[in-house]
Colleague: 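Supplied in structure tokens, the structure appears directly below.
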Number of protein chains: 2
Amino acid sequence: MPRSRPPHSVLWEVPSRPRPTLTRDDLVRAALALLDEAGFDGLTMRNLAERLGVQAASLYNHVRDKREVLALLADAIMAEVPPPESADAPWHDALYWLACDYRRALLTHRDAARLLSETTPLGPGPNRLRVLDDLVGILRGAGFAGEAAADAAWLCNTFVTGFVLEEQTQLVSSDDAAAGERQADVAGWLSQLPLEHYPNVLAVAGPLIDGETDRRFLFGLNTVLDGLELRLSTSRG
Amino acid sequence: MPRSRPPHSVLWEVPSRPRPTLTRDDLVRAALALLDEAGFDGLTMRNLAERLGVQAASLYNHVRDKREVLALLADAIMAEVPPPESADAPWHDALYWLACDYRRALLTHRDAARLLSETTPLGPGPNRLRVLDDLVGILRGAGFAGEAAADAAWLCNTFVTGFVLEEQTQLVSSDDAAAGERQADVAGWLSQLPLEHYPNVLAVAGPLIDGETDRRFLFGLNTVLDGLELRLSTSRG
DNA sequence: ACCTGAACACCGTTCAAGT
DNA sequence: ACCTGAACACCGTTCAAGT
């Protein structure tokens, strides 16, 4: 009885494919490039298909609907948030760096925070859950447990995503070099309005609308970290 | 010389208008009702026109484009945030109540936080700026000045809007009584996934995904307030 | 198994034409 | 001054038909 190969062995077929037939991974990669170029509003099933050299209807062979594309995309971006370097760093520092890395990953891709806000936080992909796990891990290591660990993680996550959301949509109407122009626009608009009715905004108008988002982010992050630290020490003692 | 009225005096015409010709205010009121019924995705120029008994093209006589409708709508919602009751309350309490009122106003209208996130924070309307002024006012009264007052107000605003954004989009796929079902779905999905890879999420899964958003909000708010208080006392001493 | 062509039910917005 | 009808350039999605 000769042990011949079956006529269409999978071992033979795999390398003989003429074109490797559009991968789900190609789709996500193309979608990410399209997002960076065209923004969230330009991220269209039809545009995505064109970039892949295919008709829009074909995409539905690889993906259930647009929501799934967005979910895969969100997870791909979250994959770029590095895990904490060492598990034995002080929790204060670890949380600080994770928040900064988190923000940095979102800022790397246009409208990333808006994408996150429009997709369900619990993926199909593993990375959104993984970042959340890193967050909870640091907080549990710090001494938070149960509800406190969950609520503290939620707070950190909300702060980072919420901050970057405003940070990125601030630039929404600045297509080209309109960034500086818009800054001037806002300043002009502010100084023209009946600002005497808004004395407090007027008093701090400069730092309120300037472009120093790093300073603003660090103020917020450090305030949150201090609040958490206080909560930890008072529940212990 | 008889002092006869001109044939088409404006004094006569104004009360003789058959229909008082669609007001900009009617438009906003209808848009708000439509938002509450149909959500952000159902808020369409065509749907809005239908509700007003008019063709979609007619809306452009009263409004520049859809973005302006959204901006007017956002301001109408912010008008429902009450100003602080007394200026001499302890700043800690005043900030606490303003944050709660702010959240309450957003929760009153479907997808309100998403609406805020998709419109520029400095309205055409007065109310977004007014709430911001209230916020800065409380913080300046507490002793914050300059950059610190601006950054602290930004933090509070980001926290409230960011929190409610997640709170409201959590329910996005719950059309009818699917709320409890979805809760069970998430729990089932969590317990089925390779949760051994996410030990920290697993350890606090319950309080992480439960529906007690009030508890979560208060934890975050109190943590932020404590952080601000600490910042205030250390910069003084 | 995957892609195409064509269609369906929508969008926001413009514009000439009516009154 | 305001509204209509019709059009334009888009959407996401479905489905029979091809290979």
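Naming convention: chains lettered A, B, ... in sequence-line order (proteins, then strands); numbering from 1 in each chain. It should be emphasised that the depicted structure is a prediction, and the values quoted were computed from it without experimental measurement.
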Colleague: Is there a side-chain contact between B:C100 and B:F217, using heavy atoms and a 4.5 Å cut-off?
Modeller: yes

Colleague: Would you kindly give the CD-to-P distance between A:E50 and C:dC3, to the nearest whole Å?
Modeller: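 Atom-to-atom, A:E50 to C:dC3, this comes out as 16 Å.
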
Colleague: Starting at atom CG of A:N61, determine the distance to atom C1' of C:dC2, rounded to an integer number of angstrom.
Modeller: 5 Å

Colleague: Would you say a side-chain N or O of B:H62 is under 4.0 Å from OP1 or OP2 of D:dA1?
Modeller: no

Colleague: Can you give one letter per nucleotide of nucleotides 8-19 of chain C, 5' to 3': B if a protein heavy atom sits under 4.0 Å from the base, S if only from the sugar-phosphate, - if neither?
Modeller: ---BBBBB----

Colleague: Run through DNA chain D and report every stem of 3 or more consecutive Watson-Crick or G-U pairs, distances under 3.5 Å, ordered by first number.
Modeller: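 So the stems come out as C:4-8 with D:12-16, C:12-16 with D:4-8.
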
Colleague: Answer whether the closest heavy-atom distance between the side chains of B:L73 and B:L43 falls below 4.5 Å.
Modeller: yes

Colleague: Going by side chain to side chain donor-acceptor pair (under 3.5 Å), name the pairs with one or both residues in residues 50-65 of chain A, residues two or more places apart or in two chains.
Modeller: A:E37-A:R51

Colleague: Under 4.0 Å between a side-chain nitrogen and a carboxylate oxygen: does that hold for A:E166 and A:R216?
Modeller: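 Looking at A:R216 together with A:E166, the answer is no, because their closest N to O distance does not fall below 4.0 Å.
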
Colleague: Side-chain atoms of residues 122-136 of chain A: list all donor-acceptor pairs with protein atoms under 3.5 Å, sequence neighbours left out, distances to 0.1 Å.
Modeller:
residue : atom : partner : partner atom : Å
A:N127  : ND2  : A:D75   : OD2          : 3.0
A:R128  : NE   : A:P121  : O            : 3.3
A:R128  : NH1  : A:T119  : OG1          : 2.7
A:R128  : NH1  : A:T120  : O            : 3.4
A:R128  : NH2  : A:L116  : O            : 3.2
A:R130  : NH1  : A:V81   : O            : 3.0
A:R130  : NH1  : A:D134  : OD2          : 3.1
A:R130  : NH2  : A:M78   : O            : 3.4
A:R130  : NH2  : A:V81   : O            : 2.9
A:D133  : OD1  : B:N200  : N            : 3.0
A:D133  : OD1  : B:V201  : N            : 2.8
A:D133  : OD2  : B:N200  : ND2          : 3.2

Colleague: Who pairs with B:F40 by ring pair (Phe, Tyr, Trp, His ring centres under 6.0 Å), at least two apart in sequence or on another chain?
Modeller: none

Colleague: Can we say B:R29 and B:D26 salt-bridge, meaning some charged N sits less than 4.0 Å from an Asp/Glu carboxylate O?
Modeller: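 So B:R29 pairs with B:D26 through a salt bridge.
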
Colleague: Counting only non-hydrogen atoms, which of residues 30-38 of chain B are less than 4.0 Å from DNA chain D?
Modeller: none

Colleague: B:T158 side chain to B:L155 main-chain N or O, any donor-acceptor pair under 3.5 Å?
Modeller: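 Flag not set: sc B:T158 to bb B:L155 has no pair under 3.5 Å.
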
Colleague: Determine, using ring centers only, whether B:F163 and B:Y102 are less than 6.0 Å apart.
Modeller: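 Between B:F163 and B:Y102, which both carry aromatic rings, the centre distance is not below 6.0 Å.
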
Colleague: Identify whether the distance between the nearest side-chain nitrogen and carboxylate oxygen of A:E118 and A:R67 falls below 4.0 Å.
Modeller: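 Salt bridge absent between A:E118 and A:R67.
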
Colleague: Whole-Å distance between D:dT4 P and B:Q55 CD?
Modeller: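 These atoms are roughly 5 Å apart.
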
